[in-house]
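Report on the following structure.
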Amino acid sequence: MYENPLQFTKKVIEHMLWSKTLIPTLKEVPAEAEALSHVLMLRAGLIRKLGSGTYSYLPAGYRIINKITSIVREEMNRAGAVEILMPALWPAELLKESGRLEAFGSDVIRFTDRHNRKGVLAPTHEEVVTTLVRDNVDSYKQLPLTLYQVQTKFRDEVRPRFGVLRTREFLMKDAYSFDTDLAGLEKSYQAMYDAYCRIFDRCGLDYVIVEAESGAMGGSRSQEFMVQSDIGDDKYVRCNSCGYAANVEKANIAGPQEPPPAADEANSGPDEVATPGARTIEEVSRFLNAAPERMIKTLLYEVGGRAVAVLLRGDHELNENKLLRALEGENPVAADAGFIEKVTSAPVGFAGPVGLSGSVDIIADKAVMQIEDGITGANKADFHLRGVIPGRDFRPSKITDLRVARDSDPCPECTRPMTLHHGIEVGHLFQLGTKYSDALGAGFPAADGGKKPYIMGCYGIGINRIAAAAVETFADEKGIVWPFEIAPFQVAVLCLDTDSPELMNAARRACNNLQENGIDVILDDRDERPGSKFKDAELVGFPVMVVVGKGYEKNGLLEVQVRSSAERLDMAEEELASEVLKLLDT
RNA sequence: CGGGGCGUGGCUCAGUCUGGUAUAGAGCGCUGCCUUCGGGAGGCAGAGGUCCCCGGUUCGAAUCCGGGCGCCCCGACCA
């Protein structure tokens, strides 16, 4: 029998010693940090900044990252995805082929190598996987296939911020599914959806799943996993009655599409009113002393050579995604001053729907049609119209939902008011369809002999963001309170007198005991005063603290402190492991 | 990209406006010794700084002027 020399090596349990690792905690708040998670991650000695949007993960911080990636890997594998590793360094040509070099624009980090070849650092990996599968999958029998990677991605963010929350270099799990048909995609998508729920549950996060735009990723269906947080860059609305949730780019808004019964026939018709120099909603509103809610904002677009006037209530904002859908795929270009003057025969700032040439297509947001005594541009320099009644004074060719959702807007499902929240996007799911397989000529030989494009999906998780989101969510005035599964160590054993062999031995026994029971433990063996040890353990946020001090000297008892509840329990050495396991299980 | 702010030991900052009082300071941290030892102790001694960089003005620059770099915040942007 083959003898493994290592098998005779005595198995020694090594526990992490605080004195031998690097956890540089800070008492003071670093000047560069504003956001809670940023401050705490720096103070707890988890991360250090190198430059704008680039961070080192120190031992404790890296353990958190590793715990998160382990969870992600377990759940990806369980969902049937297989892990690969792909280059971050690409020929620029590859990104050009899919059309995304332009789409990403200056978000892509570019460089030129010594041979004067253009290269990019991968912002995400659709192009490589797609070509990989294109060139190496021979038959539809090998499908469906879902590949994933956990890798650093690079984006030259306009504005890195909030520490690890938005960085120029970040760790991401990305999975890519390849199917032969839409039904298959649905299945692959659902498998990822389920896996994501398990992942975020295990990470201890409270999350909301919101409908999202597929945007520049192309494709049809998209959902995002949000962790509610005031510092989140993303906004979404949620209906507390029926549970509908969508990010603001996507969120639909309920509302009647017909004008209200013409109640106000007394109104004789629009009157011109002089508004010299007042061009913006705000200016006109102030000048006429009328609420912006009564204004009809007229935005002009050039769509395939013709003019389109888009109408919104003065206080509402256009959602360009909705406009895009309303135009059924035609691409709107915001009109320039020259075009506007040509169409309205007035300078910019005085456009209105009344009396526009019949060649101008008018599209109105639902809310515009509810205005009963409106104000809008007169298509005449320095004049606006008062007493405008939609439906009577102008007739849009299309009335639909065009605006960006706001707090209290009616839910599209049940019409109850929705609430607006800020969130941290920790994960997203996209149905891509054939966008990339078409662009890159990636197809499979079908059963009938022809070649068909892969139906793709892609599914991302921001690993660093999970850590930051957890800190944002779980912290108190003392520091971080890590969820058990992603804590850098589940237990910190504090030996309060490292000069006492009795206490040090007891502390080591406690560590061994816990480790033998599968618990992650760090021993604070530093020659520090007790106060510092307590403060540090609380700052870094270990879920459980085991104190070996006076209580042990006097009557052989260990003290267990629970970080989240501040609960303290004295216990004998023999019951430590089982008691701690119970605590960690909750 | 617009607006604002900052750059002085490891960290937080004072000093800059009004140049020289000066061998550039404080608190925290760090090193050594003594005392202390369950919630960031006390005493004594000490180390540690190209005052972001380059140029200019001046007898003299952390301080004034010009240029550059870096960082943070607000906004715009963001698969």
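Just so it is clear: chains get the letters A, B, ... in the order the sequence lines come, proteins before strands, and each one is counted from 1.
- Taking a pair to require two hydrogen-bonding distances under 3.5 Å in either a Watson-Crick or a G-U wobble arrangement, B:G60 remains unpaired.
- Rounding to whole angstrom units, CG of residue A:L42 and P of B:C28 are separated by 22 Å.
- Backbone-only engagement by A:S52 is indicated by non-hydrogen atom pairs under 4.0 Å involving sugar-phosphate atoms exclusively.
- If A:D233 and A:V548 are placed on RNA chain B by their nearest nucleotide, the residue sitting closer to the 5' end is A:V548.
- For the pair A:E425 CD and B:C77 P, the computed distance is 16 Å after rounding to whole Å.
- Base pairing of B:A24 is not made with any nucleotide, judged by Watson-Crick or G-U wobble geometry with both donor-acceptor distances under 3.5 Å.
- Under 3.5 Å, the side chains of A:Y236 and A:E224 contain no donor-acceptor pair of N or O atoms.
- The side chain to side chain contact (heavy atoms under 4.5 Å, CB included) test applied to A:S565 returns A:V562, A:E567, not counting sequence neighbours.
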Would you list the protein and nucleotides 10-13 of chain B atom pairs, both N or O, that sit under 3.5 Å from each other?
from  : atom 1 : to    : atom 2 : distance (Å)
B:C11 : O2     : A:E28 : OE1    : 3.2
B:U12 : OP1    : A:A31 : N      : 2.7

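- On a pure distance criterion of 3.5 Å, no polar donor-acceptor pair joins the side chain of A:R526 and the base of B:G40.
- Counting non-hydrogen atoms under 4.0 angstrom, A:R568 reaches a base of the nucleic acid.
- For A:R161 against B:C72, a side-chain-to-base donor-acceptor contact under 3.5 Å is absent.
- Under the Watson-Crick and G-U wobble criteria, each requiring two contacts below 3.5 Å, nucleotide B:G32 is paired to B:C44.
- Nearer to the 5' terminus of RNA chain B, by closest-nucleotide assignment, is the contact made by A:G549 (compared with the other of A:L50 and A:G549).
- Of the candidate nucleotides B:G40, B:C77, B:G39, B:G39 has the atom nearest to the side chain of A:F534.
- Put simply, the side chain of A:E528 and the base of B:G40 share no donor and acceptor less than 3.5 Å apart.
- Using the six-membered ring where Trp is involved, A:F542 and A:W18 have ring planes that are perpendicular, over 60° apart on the 30 and 60° scheme.
- Residue pairs meeting the ring pair (Phe, Tyr, Trp, His ring centres under 6.0 Å) criterion with at least one member in residues 28-54 of chain A, sequence neighbours excluded, are A:H38-A:Y55.
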